[in-house]
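The structure appears right after this line, and notes come after that.
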Number of protein chains: 4
Amino acid sequence: MASGSAAGVRVGRPRSQERRAAILAAAGDLMMEGGLKAATMEAIAARAGVGKATLYKWWPSRGAVALEGFMLRAADSWTLPEDVSAQEGLRVLAVAAVRLFTRTPAGPLMRALAADAQSDPEIAQALREQWMSPRRAVAAEVLRQGMASGELRADLDVEATLDLVFAPVYYRLLFSHEPLDESFAEACVAQVMTGVAAPGNNPAPPHAHTERNVQ
Amino acid sequence: MASGSAAGVRVGRPRSQERRAAILAAAGDLMMEGGLKAATMEAIAARAGVGKATLYKWWPSRGAVALEGFMLRAADSWTLPEDVSAQEGLRVLAVAAVRLFTRTPAGPLMRALAADAQSDPEIAQALREQWMSPRRAVAAEVLRQGMASGELRADLDVEATLDLVFAPVYYRLLFSHEPLDESFAEACVAQVMTGVAAPGNNPAPPHAHTERNVQ
Amino acid sequence: MASGSAAGVRVGRPRSQERRAAILAAAGDLMMEGGLKAATMEAIAARAGVGKATLYKWWPSRGAVALEGFMLRAADSWTLPEDVSAQEGLRVLAVAAVRLFTRTPAGPLMRALAADAQSDPEIAQALREQWMSPRRAVAAEVLRQGMASGELRADLDVEATLDLVFAPVYYRLLFSHEPLDESFAEACVAQVMTGVAAPGNNPAPPHAHTERNVQ
Amino acid sequence: MASGSAAGVRVGRPRSQERRAAILAAAGDLMMEGGLKAATMEAIAARAGVGKATLYKWWPSRGAVALEGFMLRAADSWTLPEDVSAQEGLRVLAVAAVRLFTRTPAGPLMRALAADAQSDPEIAQALREQWMSPRRAVAAEVLRQGMASGELRADLDVEATLDLVFAPVYYRLLFSHEPLDESFAEACVAQVMTGVAAPGNNPAPPHAHTERNVQ
DNA sequence: GTGTAATCGAGACGGTACGTCTCGTCTTCTG
DNA sequence: CAGAAGACGAGACGTACCGTCTCGATTACAC
């Protein structure tokens, strides 16, 4: 499942796990070394010592390779400590994402994925379903537990809050306007928390998009 | 200013503004119709009734065309009402971005731009300098005024807050995991505001990234 | 040999002889139909149902394609009857050249070749080495046998004589000032054999370029 | 006449003769320096310090420029001594052609002309009418006088003989298989005059196809 | 002289073809 | 007999010239 197929298009199981790993490593290396555009299917095949046909047998596109390479490296970034506060849970998730993107080839892989997703709906869908959805489900559960425990507002807009937590990380990853580091993720989560913290102190109605005079 | 040059690579001024407009329109149309990958330089030239050499004379790459097309359409999305609260200012900016992306070809253009920026540093830089920087400067000024007026915390992390306001919009634009609409932008700003609002009620220290068991 | 490589630039052997033939046929057809300038590499590729890269893999230029197409059609224009007089040998060679140029696509191909050779030294060299040299060697052997048998003068300038035999054919092929047909070739050979001077008064030494008043 | 229009397409008179000369010189220089393909219309215009439109106003194509440049340099290669034998007349004409091609830029110009003529019928026609015809007319007159005076056979094939005299020069100019020099031209003319058959044994019927016993 | 027109250089323009590149498929041949 | 090696059709890339066209600046001529 999590370690399963890439873009949902693969049919056969590869004969050798080593070959898979070699290919995915080659893709990651190429993206690190020569930028995204150096990682052509041809270059990946050559680097991995593999025929192009083998690549296309297992993955339908460069994005699918990137997705699987990314999933492989991201597989262990899932552990969430139990019985933790919502704030700590979100912090752990956000920091883990930053670490994944800055300390492994998953960063360039995600950039390639996001770029390809703009023109390849299959990649976009696979990315959403295989990467974003499960992560968001975990984070949503954290939010829901926080809402139940009273740590968080009961009327929280869960989806918007998920975006507030994760979006800044991807934003900096993709646009590089400011450095992406762990302290940034923590600042964002902290900032978001004080907004979603239990009421008693935020006199302004959260959503009324006609409201004025906030204070 | 807003109607200025594109990727910083152009040197001469085109003789005819109509030709420019035709090219930029063709690029926008192709991206709307056939997805990002339909907007090749060749297709743009053919659609605009223009020689390829003309394209390359004015713009060095497809991304540069997209950037200028985007800047053109985004030129009038700048007006910010005067003497307005920080929350209203941020709301206006976020909603304007959503409107730009959902009601004009600027959405596909920005998606193309973001995709190209992943493998073309020149595009990335131009995008940061020509689009993101000025917008962020305006928003930063709003934040600073809010801090001065007491509407916002005095110890605000300005850069992180800017990302919290804008990132969700780009996140949904690029990944389409949830619909991008104005109410989403307003929800995000409201959520962020209640976090950055003046103190007196937010017991959790914003930055304590070791605290546990808040509940 | 005759079916060998073209401009000396090819390295690999094509996998399919049919493809080769289709390409060469397309080139010949295009030259017949639309003149020399209709036979662009792009048109040849399209007509032959072949990618442009395939053309460039095997041949470095249009001239190389023309050369090989020409050599292919000219391959069987080599047979020379044995034990024949010098005059008859030269006549056969000259007439065979005329037939080749007037009854097959080799005529347009040679015109293309000659034209390209003016600005492409590689084509010029290949043309000399692969087409002209062997033909001239055969004709030179005919001349030498004739000199040995007493049919021809012993003090013959062999190279000049070869040019006298072949040049008129190419001259009319390339300039079309007069029709190129077999009787012309035969007239030239006969003229070369017997000379144009009135019989009886050809005592003038062949090379005395200062003599006057021969009459 | 000789200094007249180029390919018969010119209409207006240039304002300055100097400009004409500069253009023609530029064309000749470029052909000498960089081969035929270096002499593009654009390069000629740039080299001559002239706008492209000026070139196209006076000449319709590169071939027309080459033709006029060639005619200009060939204008003085026309003088034929009076009261001279046929052999000497032909010799003078052939040697003059060789000198023209080897000692002036007329050689490259003629090569360009011949190349262009293969794909441009107008150039071909202009070349025939303006260059070849008058030269051949002069040479034909020489032949006819020789026939009348008894120096030459009375049953001469005039056209074939003209080709025998001139073709070798163009043949070596265009194919460069052997050096083109004056002694070659003289050898050819001498050979044509006396024939290559050993004296005394030229009773062999010249060409046994249909005609017999020409003599 | 001074206006009026033609002509020029310069080069932008819509195109065509170039020769190269990568894609995704298909074929061959090797281990 | 699976797979590396890579040929292949397709088509976009960015460049070079083509022949046409529009510009101002520079003439040359009529007044």
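Within the 3.5 Å criterion, the main-chain N or O of C:L24 finds no donor-acceptor partner in the side chain of C:E68. Not one N or O on the side chain of C:Q118 forms a donor-acceptor pair closer than 3.5 Å with the backbone of D:L36. Remark: the backbone N or O of A:P105 is not paired with any side-chain donor or acceptor of A:R73 at under 3.5 angstrom.
At whole-Å resolution of the value, CD in C:E18 and C1' in E:dC26 are 15 Å apart. Rounding to whole angstrom units, CH2 of residue D:W59 and C1' of F:dG19 are separated by 16 Å. The CG-C1' distance, from C:L55 to E:dT20, rounds to 14 Å in whole Å. Separating the CD atom of D:E42 from the C1' atom of F:dT20 is a distance of 12 Å, rounded to the nearest angstrom. Between D:R47 atom CZ and F:dC17 atom P there is a gap of 14 Å when expressed in whole angstrom units. For the pair C:Q17 CD and F:dA7 C1', the interatomic distance rounds to 15 Å; values are reported in whole Å. F:dG9 atom C1' lies 12 Å from atom NZ of C:K57, rounded to whole Å. Atom P of nucleotide E:dC18 and atom CG of C:D116 are separated by 11 Å, given to the nearest angstrom.
Here F:dG3 is the nucleotide among E:dG14, E:dA17, F:dG3 with the atom lying nearest to any side-chain atom of A:T54. Here the nucleotide nearest the side chain of B:Y56, chosen from F:dT15, E:dC13, F:dC8, is F:dT15. For B:V50, the listed nucleotide lying nearest its side chain is E:dG14; candidates were E:dG14, E:dA12, E:dG15.
B:K52 contributes no side-chain N or O that forms a donor-acceptor pair with the base of E:dG14 under 3.5 Å.
D:A53 comes within 4.0 angstrom of a nucleotide base, judged by non-hydrogen atoms across all strands. The residue B:A45 sits apart from the nucleic acid: no heavy atom pair falls under 4.0 Å.
With rounding to the nearest 0.5 angstrom, the CG atom of A:L109 is 9.0 Å from the CE atom of A:M32. Atom CG in D:D116 sits 10.5 Å away from atom CG in D:L127 (nearest 0.5 Å).
Two residues, C:G51 and B:M41, neighbour DNA chain F, and the one matched to the more 5' nucleotide by heavy-atom proximity is C:G51.
Listed by residue number, there are no residues of residues 25-40 of chain B with a heavy-atom contact under 4.0 Å to DNA chain E.
Looking only at side-chain heavy atoms (C-beta outward), B:Q17 and B:R20 come within less than 4.5 Å of each other.
At least one side-chain nitrogen or oxygen of C:W58 sits closer than 4.0 Å to the OP1 or OP2 atom of F:dC8. Residue D:R19 has a polar side-chain atom (N or O) positioned under 4.0 Å from OP1 or OP2 of E:dG9.
Between D:E42 and D:R47, no side-chain nitrogen of the basic residue sits less than 4.0 Å from a carboxylate oxygen of the acidic one, so the salt-bridge criterion is not met.
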